[in-house]
There are 2 protein chains.
Amino acid sequence: MVDVKSTVNPLFLRDEELRQGIELLFYAYRDFTSDPDKILDDHGFGRAHHRAIHFINRNPGITVQELLAILRITKQSLSRVLGQLVREGYVIQQRGTRDRRQRHLHLTERGVELERLVSAPQRERVARAYREAGAEAVEGYRKVLLGLVNDADRAAIVRSIRRR
Amino acid sequence: MVDVKSTVNPLFLRDEELRQGIELLFYAYRDFTSDPDKILDDHGFGRAHHRAIHFINRNPGITVQELLAILRITKQSLSRVLGQLVREGYVIQQRGTRDRRQRHLHLTERGVELERLVSAPQRERVARAYREAGAEAVEGYRKVLLGLVNDADRAAIVRSIRRR
DNA sequence: GATTTTACGTCAACCATGTTGACATATATC
DNA sequence: GATATATGTCAACATGGTTGACGTAAAATC
């Protein structure tokens, strides 16, 4: 299934095939973000907070600069959500030792808890999709998604993933 | 590549594997939306307008209700962007004949042009990713993305894709 | 035929999250 | 010592979501 005559006549179907790929990404993203959104709301947070704590969780000690580069937002925009997270005890900032200008970000226990809580249904959703699609499909999923990323960032992402 | 020891010890790596899948989706979506955003800006439109004209283009004659169901936003929110698109001659509304309460949406020539212009780099990005990943990977990509969608919507999406 | 439901539109207020621009401070680097 | 970098903050603004209220026309139901 989901075959959709994708490989019949590559030239003729090209545009259609691409638009399907685009739509699927939209739909998946739409539903995949809906689970966390509800939980976040109960805590007075939004999607931006989730993104922040996700990447701080995944990269403990990440600097503000690095986080900005990942999220691709301005520091003013980040500082709003980060400020809330810090004030409410979900994130702590450690002044750098090698470079004392930097602030290294860490989740507190509370932060880790919240991150797990919020991302739980999202992980469950991915787990189900992976299970049902099979290992080979998962490999393809990753390959294509990585291919969609900007050339300039691909290497760094692969590295950040391999490191684990 | 992109192998990342994903199939070594499924139990131990489960969480890590899932979080990678989540991150990849974030990164891909981030970059994949960045191309259209720039072009839209030149025309005084935003991402919301792109979504609207994309789905109207893909489903000529779609009703407002149906479009709302796809986008998952309120009618007030849609009416803002739709109003602009209509006023500026990118979209026309046809009163339904069977049900005269409905408004069937269509792109004008201008609308079709804009849609193509805006989505061109996006399609090119997907085309490249598909080319580099290969047909088998593409199949996996679709399978997993479709699996991420809410159960309730999956069938309709498959149908809307098969119809072509 | 009267009542209720549905499809659509609109007004208004509000919120989350993005932007630009300006300016300040501490620290690192040349 | 001069310059560049990392961070923070203030302020104004844009986009695109939300809720709630209300109105109209048409369809569906009793």
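Note that this is a predicted model, so its numbers are computed, not measured. Letters A, B, ... mirror the listed sequences (proteins, then strands); counts begin at 1. No hydrogens, no waters, no symmetry mates; every other heavy atom, side chains included, goes into these values.
By the 6.0 Å contact criterion, CD on B:Q76 is enclosed, its count of non-hydrogen atoms from other residues, nucleotides or ligands being greater than 12. Around CD of A:E124, the count of heavy atoms belonging to other residues, nucleotides or ligands within 6.0 Å exceeds 12.
Contacts of A:E66 with the nucleic acid, taken as non-hydrogen atoms under 4.0 Å apart, are absent.
Scanning atom types as modelled, no donor and acceptor separated by under 3.5 angstrom connect the side chain of A:R100 and the base of C:dT27. The base of D:dT7 is not paired with the side chain of A:R103 by any donor and acceptor separated by under 3.5 Å.
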ask   = Where along nucleotides 11-20 of chain C does protein come under 4.0 Å, by heavy atom, of base (B) or sugar-phosphate alone (S), with - for untouched nucleotides?
value = B-----BBBB

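Using a 4.5 Å cut-off on side-chain heavy atoms (C-beta onward), A:L25 and B:L25 make contact.
Here A:Q93 reaches the OP1 or OP2 of D:dG8: one of its side-chain N or O atoms lies under 4.0 Å away. The phosphate of C:dT6 (OP1 or OP2) has no side-chain N or O of B:Q65 nearer than 4.0 angstrom.
C:dG9 atom P lies 11 Å from atom CG of B:L67, rounded to whole Å. As a whole-Å value, the separation of A:R87 CZ from D:dT9 P is 9 Å.
Under the side chain to side chain contact (heavy atoms under 4.5 Å, CB included) rule, A:R123 has a single partner from B:R14, B:R19, B:E17, which is B:R19.
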